[in-house]
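The structure presented is a predicted model; accordingly, all values stated were derived computationally and were not measured.
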Amino acid sequence: IPTIFFQMTKIKIFIVLTFFALGMNQSLSQTYKFNTSSLSVLEKTQNGNWGKWSDLQLVNILVKLDTDKNRIVVYSEVIQAFEIIDYIPLEESETDSVYSFTCKDNTGVNCTLSIITRKKQDNRKQLYINYEDRIILYNIFNNK
């Protein structure tokens with residue numbers, strides 16, 4: 001009888017933990033909205049070295065991070081949709097907090113998106129879209 005009791009207890013604990021985990025997953029899933037204020041691009045040159053950042057262009061674009069749907073969408077003139085393949089653990093330093101995501105864009109190309117908070121710059125936020133041959137930088141702020 002003690003063996004049956006322990007098996008039943010294990011099953012009950014498993015069920016409780018499963019429901020707890022499902023509930024936690026739902027509570028952690030959210031949609032975050034940002035607006036952009038400016039844009040700059042960095043490209044590799046023909047010899048494979050990084051060139052120079054383009055001049056900042058003023059842009060007001062909605063960016064939506066949806067953890068329920070595992071996607072990030074930049075609502076630019078040509079919509080940029082990114083499927084989140086992996087959530088990379090938060091990286092913290094004295095100067096930055098970096099949330100990164102391994103993604104595939106809407107054409108199937110692999111890239112990494114990072115939302116960086118610059119702690120020593122009044123918590124300024126930036127979105128980096130890193131491809132093998134180019135980086136797109138948006139200065140962003142929370143959409144309230």
Ile88/Thr102 under side-chain contact (heavy atoms from CB on, under 4.5 Å): CA gap, chis, key distance, verdict: CA-CA 7 Å; Ile88 299 169; Thr102 303; 3.6 Å; yes

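- Residue pairs that meet the salt bridge (charged side-chain N to carboxylate O under 4.0 Å, His left out) test with at least one member in residues 69-90, sequence neighbours left out, do not exist here.
- Annotation for Trp50: hydrophobic cluster partners, listed by chain and number, are Leu42, Trp53, Val98, Ile116, Tyr128, Ile135, Leu137 (ILVMFWY side-chain heavy atoms under 4.5 Å, direct or chained).
- In this structure, Leu39 and Ile136 have side chains that are in contact, with non-hydrogen atoms separated by less than 4.5 Å.
- Heavy-atom neighbours of Asp122 CG from other residues, nucleotides or ligands within 6.0 Å: at or below the threshold of 12.
- Taken to the nearest 0.5 Å, the OG atom of Ser100 stands 11.0 Å off from the CD1 atom of Ile84.
- A donor-acceptor distance shorter than 3.5 angstrom exists from the side chain of Ser40 to the backbone of Ser54, with no hydrogens or angles considered.
- Here the side chains of Val109 and Lys104 are not in contact, with every heavy-atom distance at 4.5 Å or above.
- When the side-chain contact (heavy atoms from CB on, under 4.5 Å) test is applied to Ser97, the partners found at least two apart in sequence or on another chain are Leu90, Glu92, Thr117, Lys119.
- When side chains are defined from C-beta on, Ser37 counts as touching Phe141, because their heavy atoms get closer than 4.5 Å.
- Side-chain contact between Asp66 and Val73 is absent, with no heavy atoms from C-beta onward closer than 4.5 Å.
- Side-chain atoms of Leu113 and Leu65, non-hydrogen and from C-beta on, never get closer than 4.5 Å to each other.
- Checked against salt bridge (Lys or Arg N to Asp or Glu O under 4.0 Å), Asp96 has the following partners two or more places apart in sequence or in another chain: Arg118.
- Shortest non-hydrogen contact noted between Leu62 and Lys33 is CD1-CB, 4.2 Å.
- Aromatic rings of Tyr87 and Phe101 (six-membered ring for Trp) have centroids within the 6.0 Å cut-off, being under it.
- Put simply, the side chain of Lys64 does not reach to within 4.5 Å of the side chain of Ile72, judged on heavy atoms.
- The nearest pair of heavy atoms linking Ile140 to Gln126 is CG1-N, 3.9 Å.
- Side-chain contact between Ile61 and Val74 is present, with at least one heavy-atom pair separated by less than 4.5 Å.
- For the pair Ile115 and Phe34, the minimum side-chain heavy-atom distance is below 4.5 Å.
- Residue-environment remark: CG (Asp55) stays at or below the threshold of 12 foreign heavy atoms within 6.0 Å.
- With sequence neighbours excluded, the residues that form a side-chain contact (heavy atoms from CB on, under 4.5 Å) with Arg134 are Glu43, Tyr131.
- Hydrophobic clustering of Ile, Leu, Val, Met, Phe, Trp and Tyr side chains at less than 4.5 Å, counting indirect connections, keeps Phe82 apart from Ile85.
- Scored by the side-chain contact (heavy atoms from CB on, under 4.5 Å) test, Asn60 finds Asn35 as partners (sequence neighbours excluded).
- In this structure, a donor-acceptor pair under 3.5 Å is present between the side chains of Asn139 and Ser38.
- In the hydrophobic clustering of ILVMFWY residues, with side-chain heavy atoms under 4.5 Å counting as a link, Tyr138 and Leu56 come out apart.
- The CD atom of Gln80 sits 8.0 Å away from the CG atom of Asn106 when rounded to the nearest 0.5 Å.
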